Amino acid sequence: MLLPPKIEVSLEKIETSQHVSFHTGVYKQPYFNGNWHYHPEFELLLIVNGQGKRLVADHGEDFKVGDIVLLGGYLPHAWIPDAKYLKENSTEYCESVYVQFKKDIFGSHFVDIPELKGVRKVLRSSERGIKIEGKYKNEIIELLKGISKFSPLDQLLKLIKILDLINLSGYQILASEGYLNNSFYFKSNRIIKVHEFMMEHYKQDVSLNECAEMVNMTVSAFCRYFKSETNYTFTNYLNKVRIDFAKKLLINTNIPIKEIAFDCGYNSVPYFNRQFKKLEQVSPYTFRKSVKE
């Protein structure tokens, strides 16, 4: 599968007006950019036009027109378009309708009322990403297509209605059950800040000195603190971030291993192979072959 020339991992910052607590919009471009990214907000997204490969955490499958997914906050994801959208002078285009919101949009206790039991269930399930199916799917599609035309209050009411319909309609959970347990979650704001920096700059040289300075610590104190919070040394953790993304590219694309190495921040393919085998006990080639088989 042909991918955009640069595949990046980043923290996406959602810009919202100070007068609203969530954001609705339409994305319409020649192709989805394919970046591997995440953001604190929940994201409800409908594919209006386009097709390709959808990556959500450790799950990958084809996407097509009419697909609806709800993704929890901080859940990595990407929409990689089919090759036909990347050709020069192509008349093809990709389009989606989306709603992005934070969990506190409903207030600290509003979502706990009995009438919103189904909404609570959907929001919990979306921590692993869900693909909406079932008998109410068409109604959900129509609500999403028209949601941006309404006032902010009516948009919020329709969002609650959509979440309730998702519960009644049914859905497929995307990421594996063990994904959240094995993911990067921390209580320390310092470590979160460093992790986000790594996710944005993993293709470059991520400097230990720069990260220590970022959280106002000496290098030696930072190394001790980082190890105590993550159980990894700084270098081993950075390798884990890079190899985690490399595995997703090996599983879900046909990109040559050499290109994957460079896409994941390794300037040397032999070094990439050694680091991959150190973490996964097999070479990238063997890993890809076993998954494909």
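Hydrogens, waters and symmetry mates play no part in the numbers below; they use all other heavy atoms, side chains included. On a predicted model such as this, the values are computed, not experimentally measured, just so you know. We number each residue from 1, following the sequence as shown.
- A 4.5 Å side-chain heavy-atom check between L238 and R242 finds at least one atom pair inside the cut-off.
- Considering only residues two or more places apart in sequence or on other chains, T91 meets the side-chain hydrogen bond (donor to acceptor under 3.5 Å, both in side chains) condition with none of them.
- The heavy-atom pair separating V26 from Y98 by the smallest distance is N-CE2, 3.8 Å.
- Just one residue in the list L70, L174, V56 forms a side-chain contact (heavy atoms from CB on, under 4.5 Å) with L75, and that residue is V56.
- When atom types are taken as modelled, the side chain of D58 and the backbone of S176 share a donor-acceptor pair closer than 3.5 angstrom.
- Here K64 pairs with D67 under the salt bridge (Lys or Arg N to Asp or Glu O under 4.0 Å) rule; sequence neighbours left out.
- Geometrically, K227 does not engage Y232 in a cation-pi contact, judged by NZ or CZ lying under 6.0 Å from the ring centre and within 45° of the ring axis.
- Under the 30°/60° scheme for interplanar angles, the aromatic rings of Y237 and H195 are found to stand perpendicular.
- The shortest side-chain heavy-atom distance between M214 and F197 falls under the 4.5 Å cut-off.
- Taking 4.0 Å as the cut-off between side-chain N and carboxylate O, R54 and D62 do not count as a salt-bridged pair.
- Between K240 and D244 there is no salt bridge, since none of the side-chain N atoms of the basic residue sits less than 4.0 Å from a carboxylate O of the acidic one.
- A salt bridge links K203 with D263: the closest approach of a Lys/Arg side-chain nitrogen to an acidic carboxylate oxygen falls below 4.0 angstrom.
- Taking all atoms of both residues into account, the shortest heavy-atom contact from L163 to V122 is O-CG2, 3.6 Å.
- Taking every heavy atom of both residues into account, F101 and F22 meet most closely at CB-CB, 3.5 Å.
- N236 pairs by the side-chain hydrogen bond (donor to acceptor under 3.5 Å, both in side chains) definition with T233, not counting sequence neighbours.
- Shown here are the side-chain hydrogen bond (donor to acceptor under 3.5 Å, both in side chains) partners of Y271, two or more places apart in sequence or in another chain: Q275.
- Here the CD-CG distance, from E259 to N254, works out to 11.5 Å after rounding to the nearest 0.5 Å.
- Qualifying salt bridge (Lys or Arg N to Asp or Glu O under 4.0 Å) partners for K247, counting only residues two or more places apart in sequence or in other chains: E280.
- In this structure, the side chain to side chain contact (heavy atoms under 4.5 Å, CB included) partners of N138, at least two apart in sequence or on a different chain, are I141.
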